[in-house]
Amino acid sequence: MSRLFARVSLARRHQILTLLVAAAAIAFPLVHDNDADVDSAANAAAYATLALGLNIVVGFAGLLDLGYAAFFAIGAYAYGILTSFQVMPHWGPLWEPFAWLQLVQRVPQPGGDLVRFTVSFWIMLPVSALIAAGFGVLFGAPTLRLRGDYLAIVTLGFGEIVPIVVRNVDSVTNGAAGLNGIQAPRLFGHSFGVAAWPYYYVAIALVALLIFVSVRLRDSRIGRAWMAIREDETAAAAMGVDRTRTKLLAFAIGAAFAGATGTFYVAKLQTATPEMFGFPVSVMILVMVVLGGMGSVWGVVVGAVLLQLLQSWFLEDISGWIHDLGNAINQPWMQQVDLTQSIELIFGQILVFMMLFRRDGLIPATRKQSSLSVEQQHADVRRGGFVGLEGLGEFAHQGHSGLEVSGVTVRYGGLVALNAIDLSVPVGGVVAVIGPNGSGKSTLFNVITGLTPADGGAIRFDGDGLLGLPPHAILRRGVARTFQNIRLFTNLSVLDNVLIGQHARLKTGPIAAVFRPPSTRREEAAARVWASQILGLFGNRLLPRASQTVSHLSYANRRRVEIARALASRPKILLLDEPTAGMNPAETLELAEQIKSLHALGLTILLIEHKLDVVTRLADKVVVLDHGEKIAEGTPDEVRRNEAVLQAYLGRGTLAKGMVDA
Ligand code: ADP
Ligand code: MG
């Protein structure tokens, strides 16, 4: 039996499991004829949809949102207001078309007829999602520039503000008393009424839909961009991800899930009060996500269902058992125990336990991987080949007039990191920047790639001014880089890292990601082919490790992945910041050869390098920086003999032996 099981592929096992879960969910109300339990299960499903939405924001994009219940409230009140007797304007002919569309009813009144809103639940489900998404963008736009704790505090604020507003605009929301008389959904002329089962089926359909949407988004260009931002925002921007847009998209989609759930939730309760959407609710949803596993679609569903059922079924049962036990052993204080009252304490304990023992949640988003077998590791190292990579060269040449840096100055407070630097890299050239530590080399790269603003000067590439452009726009123009202190997306696979490198060259948006039309499938397939070709540049160093998480790789392989990621973006110019740092002589030589063949393909290269043999081997021109000043420029040989350079490296008066030997 177990052998049989092992022969079934992982994907097939997932399918079978999904089918079994779906069948069990569909059968539950049929086999378990208890209205209260079915109702609890419907609530659990509603919380699962909330957890799925928050998972997009917190789990995928890594944006800690402590006020998520605000969007739940917005969706709830949108439906509540448009289907209750709360807001009733005077009837006028303008309402006629709406009445015809059955969105409103005319209510005869002695003092003049009134309008009653009767918008259908089925219309409001998507509309509330859109309204909440709109608020997501509204709240997100000013705040998403903040990171980490600051974002958490601001979202906490929004989470508090929404219920306060609801409590205070009595005329629209009926204040603290809450909306009453909210319509139940109707289907084929029948109202859902108060039976639990129709709501249950709507809820599990919603969960199924949102699981589908979540998985499709996760496995797409959009999902990869979210995870890139979660892993390293700066690197994501440098690899072409538009930070603001991508984060807003996560916020808006997460909010949309909550908005639709809000509508469902109040339609089921037929009432809405501000208390239903306070801070404890946001925390509860967050605990569900953490318990299930941040970023894990099925995990957060399981987390939500477990916690919700814990609250509505088990805590009451357990409290009952404690009371019975108290009776039996004659301990009256045990009668007082009511675990449902200490739910927040229990959430806190769950969080602490998860942090201590299982940080990745019950169903972690990434699987533990076995490392490569000994044979795989020792398979002889094939030199990188460039078969099929002519595409890289073709792109490199297109309408390209080199990089021109003129008079660029960067100051950090009193420190002048770059002082009026001029530098030009001709098309197809290899220019090396050398200089002692702290001389401003990396700062030069940061200013070219838009990560550091300049205090003066100009940078032109291909005729366009680069200064003032955001990093992703600079990458789009064909300027890709690596970082001195490797900045990979550590918890993602090698392949995903390289796919993110292509972000700017792909088009798939959120809608195409969900529906996956043929054009999107083709684009994704081509992106994977391109990624494996790029990985093939490094012989079999990376290809066998394509599905491994970057955190499992050796240092040298991480450097290679970073170069591969930059190349994947089809750059015209490649900026390499100390690419051979930390590599042994053999690896250094191998990489130098590979960089040389990139050059042979027509790629323009700007290189920061300490190892002078590498510089001599590769560069046509060397620029020497010291204390933010350019002190020399010329061919490698000229620079080696330059007096100022020798002094900068070895100090005044010292014989420049090391330099000459190198
Ligand atoms: P290099 O790459 O040549 O070793 P850097 O460009 O990293 O040098 O740094 C140049 C100078 O600028 C150093 O003195 C460094 O301390 C300073 N510096 C770099 N980044 C920052 C920053 N973000 N804030 C303040 N000072 C910085
Ligand atoms: Mg540096």
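Side-chain atoms are counted along with the backbone in the values below, which use heavy atoms only and exclude waters and symmetry mates. Just so you know, ligand 1 is whichever comes first in the structure, and atom 1 is the first atom listed for that ligand.
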Nearest heavy atom to atom 9 (O) of ligand 1, choosing from Val416, Thr443, Leu625, belongs to Thr443
Return yes or no for this condition: an N or O of Gly438 is under 3.5 Å from an N or O of ligand 1.
-> yes
Spell out the protein N/O/S atoms under 2.8 Å from the Mg ion (ligand 2) as residue plus atom name.
-> Ser442 OG, Gln484 OE1
Atom CZ of Arg359: over 12 foreign heavy atoms under 6.0 Å | no
Relative to ligand 1, is Asn446 under 4.0 angstrom through side chain, backbone, both or neither, heavy atoms considered?
-> neither
Could Glu562 and Arg558 be called an ion pair, given the rule that one side-chain N must be under 4.0 Å from one carboxylate O?
-> no
Parallel, tilted or perpendicular: rings of Phe71 and Phe139 (30°, 60°) | tilted
On the ring face of Tyr555, is Arg560 found with NZ or CZ under 6.0 Å from the centre and within 45° of the axis?
-> no
More than 12 heavy atoms of other groups within 6.0 Å of His610 NE2 | yes
Hey, which of Asn419, Val433, Ile608 is the one that makes side-chain contact (heavy atoms from CB on, under 4.5 Å) with Leu625?
-> Val433
What residue among Arg476, Lys572, Arg477 forms salt bridge (charged side-chain N to carboxylate O under 4.0 Å, His left out) with Asp464?
-> Arg477
Decide yes or no for Asn497 and Leu492: does some side-chain heavy atom of the first lie under 4.5 Å from some side-chain heavy atom of the second?
-> yes
Proximal ligand 1 atoms for Ser439, defined as those under 4.0 Å from one of its heavy atoms = 1 (P), 3 (O), 8 (O)
heavy-atom search around atom 7 (O) of ligand 1 in the protein gives Ser442 CB, 3.7 Å
What residue and atom, counting heavy atoms only, is the protein's closest point to atom 24 (N) of ligand 1, and at what distance?
-> Tyr412 CD2, 3.4 Å
So with a 6.0 Å cut-off around CZ of Phe135, is the heavy-atom count from everything else above 12?
-> no
Counting from 1, what ligand 1 atoms have a heavy atom of Ala417 closer than 4.0 Å?
-> 12 (O)
For atom CG of Asp149, is the number of surrounding heavy atoms from other residues, nucleotides or ligands below 6.0 Å larger than 12?
-> no
Give a yes/no verdict on whether any heavy atom in Gly440 is under 4.0 Å from an atom of ligand 1.
-> yes
Residue that, paired with Leu151, satisfies side-chain contact (heavy atoms from CB on, under 4.5 Å) out of Asp65, Leu66, Leu64, Leu144 = Leu144
Nearest non-hydrogen protein atom to atom 14 (O) of ligand 1, with distance, is Leu415 CD2, 3.7 Å
Under the 4.0 Å line, does any protein heavy atom show up next to atom 16 (O) of ligand 1?
-> no
